[in-house]
**Q** 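Here it is, the structure, as structure tokens.
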Amino acid sequence: MSDRYIEFANSSIGHRLVGALGLPSPVRLERWQAGRLRPIEGALLIGGGPLAEKVGAFANRLTDAIYSYGTDPSMATAWIPGHGPKLKAVVFDASDLIQTDQLKQLREFFQPLMKNLDHGAHLVILGRAPQSLSDPFAASAQRALEGFSRSLAKEMRGGGTLQLIQVGDGAEDQLEGPLRFFLSPKSAFVSGQVVRLDACNTQVTDWTRPLSGRKALVTGAARGIGASIAETLARDGADVILLDVPTAKTDLEALAARLGGRGITLDICAEDAAAQLIEQLPDGIDIVVHNAGITRDKTLANMTPEFWDAVLAVNLNAPQVLTKALLDSGTLQDDGRVILLASISGIAGNRGQTNYAASKAGLIGLAQAWAPLLKARGISINAVAPGFIETQMTAHLPFGLREAGRRMSSLGQGGLPQDVAEAVAWLAQPGTGAFTGQALRVCGQSVLGA
Ligand SMILES: NC(=O)c1ccc[n+]([C@@H]2O[C@H](COP(=O)([O-])OP(=O)(O)OC[C@H]3O[C@@H](n4cnc5c(N)ncnc54)[C@H](O)[C@@H]3O)[C@@H](O)[C@H]2O)c1
């Protein structure tokens with residue numbers, strides 16, 4: 001469903017009216033277009049501590065226009081506030097800030113930039129996980145980065161985003177993959193996030209087809225977010241297997257044919273679903289995306305056992321049972337990726353969604369608890385928690401709820417299925433193997449559960 005308010009707010013009359021009345025003024029977000037090669041089309045500014053140099057080593061694969069500010073000017077052209085170009089991307093290494101008085105470097109670095117950012121600028125701060133530091137003052141300084149990042153993300157204009165990446169020991173040389181995602185329009189609807197990056201054995205070799213040679217299964221792939229995930233994984237080189245209920249067979253098979261993949265019609269709640277799935281995947285699978293999901297909203301006072309059971313069965317029980325069966329049978333291969341479609345409803349809670357929120361929170365818990373057990377096999381398991389995404393599911397919401405869902409975020413709009421798909425495709429890459437047990441929100445920094 002299209003968001004007519006964005007069209008209005010970006011028309012010449014609408015723009016003036018929205019400004020005069022102080023209404024939210026969401027901008028049209030820039031998305032990744034097929035055929036694009038470079039993650040950044042514009043100027044990249046790099047600054048801060050020792051990791052800046054690590055980023056500088058591969059920056060020319062991200063863009064031609066590399067600038068430095070506040071660090072060794074020999075690394076790149078010096079950027080001069082008010083004279084340099086508008087910035088499309090910024091990386092600041094704050095990983096060596098370990099005392100309170102050093103935190104002023106954040107203000108000193110970012111303040112001159114904020115009025116010199118291009119439309120849709122993507123900013124990344126690099127830090128360390130506070131829990132990995134034994135010195136309480138150092139841990140406190142690194143935790144301070146979270147408050148700073150989440151607040152500055154809320155001050156971004158023009159569709160800009162900002163994230164904090166906590167770089168683990170050994171992951172210092174593996175920043176290219178996350179920065180290709182977080183500094184590009186692939187992360188257009190991700191903002192204000194704090195993610196942990198650990199070291200990983202496998203790395204992407206061909207950035208134009210990072211999933212080449214990988215087999216991916218996507219459930220609920222006939223429409224909406226699932227269809228977009230299948231398209232994006234195929235774009236990135238994966239062989240895709242699309243699964244949906246038998247009634248969705250026509251759409252499923254048409255999409256599978258277009259993507260050069262295969263369709264499986266199966267109800268994931270069927271008693272023999274696991275056995276049927278394993279039989280249909282004789283060559284094994286590398287990536288499993290549990291996207292199929294349903295809502296049956298009612299306040300708890302009016303919740304029927306059927307509504308409760310159906311949601312828990314599709315959204316939580318089926319991903320548990322199927323993943324376990326794929327693991328136990330060896331169908332899910334080493335270095336595999338499991339991605340669970342959760343929701344910010346599972347983080348914040350939502351009136352009328354006790355069943356849905358319980359199922360989605362359960363998925364986040366599943367990823368957290370299973371991740372350490374799967375690490376030895378190089379398998380990662382993560383949740384992606386979308387906020388308000390424009391799909392058939394949200395088109396059916398009452399007007400007021402739909403408008404609130406769209407506007408109550410830093411980006412002031414709903415996301416597109418593609419935004420969720422890009423996050424899933426990034427988590428499916430070989431190099432993100434040590435990003436595990438986490439929940440990545442794709443919600444435009446929604447205020448819900450923030
Ligand atoms: N749309 C949003 O704003 C939003 C927000 C947060 C989370 N999500 C989650 O993202 C996922 C996809 O959402 P969507 O909006 O694309 O939904 P959708 O209703 O458009 O698509 C869901 C798909 O899952 C399939 N499915 C349902 N039950 C199934 C079963 N038993 N076996 C096999 N397939 C089954 C459906 O046939 C459908 O094709 C869901 O898990 C949803 O909870 C969506």
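Whatever order the structure lists them in is the order used to number ligands and atoms, beginning at 1. Just so you know, residue 1 is the first one in the sequence shown, and it goes up from there. It should be emphasised that the depicted structure is a prediction, and the values quoted were computed from it without experimental measurement.
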**Q** Which atoms of ligand 1 sit under 4.0 Å from any heavy atom of I389?
**A** 1 (N), 2 (C), 3 (O)

**Q** With a 4.0 Å cut-off on N to O distance, would you call R235 and E422 a salt bridge?
**A** yes

**Q** Kindly assign one of parallel, tilted or perpendicular to the pair F110 and F148, based on the angle between their ring planes and the thresholds 30° and 60°.
**A** tilted

**Q** Roughly how far, to the nearest 0.5 Å, is CD1 of I165 from CG of D93?
**A** 11.0 Å

**Q** For atom 6 (C) of ligand 1, which candidate among A385, C443, P386, G293 provides the closest heavy atom?
**A** P386

**Q** Relative to atom 11 (C) of ligand 1, which among D244, N291, L242, I225 owns the nearest non-hydrogen atom?
**A** N291

**Q** Using heavy-atom distances, let me know which of G387, A342, S343, A227 sits nearest atom 5 (C) of ligand 1.
**A** G387

**Q** With the threshold set at 4.0 Å, does a side-chain nitrogen-carboxylate oxygen contact exist between E231 and R258?
**A** yes

**Q** Non-hydrogen atoms of G414 versus ligand 1: any pair closer than 4.0 Å?
**A** no

**Q** With respect to R262, which candidate in L243, D239, I241 satisfies the side-chain contact (heavy atoms from CB on, under 4.5 Å) definition?
**A** I241

**Q** Taking only non-hydrogen atoms of G405, do any sit less than 4.0 angstrom from ligand 1?
**A** no

**Q** Please tell me whether D297 and Q353 have a donor and an acceptor in their side chains that are separated by less than 3.5 angstrom.
**A** yes

**Q** For K360 and ligand 1, answer yes if some heavy atom of the residue is under 4.0 Å from a ligand atom, otherwise no.
**A** yes

**Q** Pull out every atom of ligand 1 sitting under 4.0 Å from any heavy atom of D267, numbered as shown with elements.
**A** 30 (C), 31 (N), 32 (N)

**Q** Would you say E390's side chain and G415's backbone share a donor-acceptor pair under 3.5 angstrom?
**A** no

**Q** Measuring from atom 29 (C) of ligand 1, which candidate in V245, L252, L266 has the nearest non-hydrogen atom?
**A** V245

**Q** Taking the basic N atoms (NZ, or NE/NH1/NH2) and the acidic carboxylate oxygens, is any pair closer than 4.0 Å for E176 and R180?
**A** yes

**Q** Determine whether any heavy atom of T219 lies closer than 4.0 Å to an atom of ligand 1.
**A** no

**Q** For Y356, counting its heavy atoms only, list the atoms of ligand 1 lying under 4.0 Å from any of them.
**A** 6 (C), 7 (C), 8 (N), 9 (C), 42 (C), 43 (O)

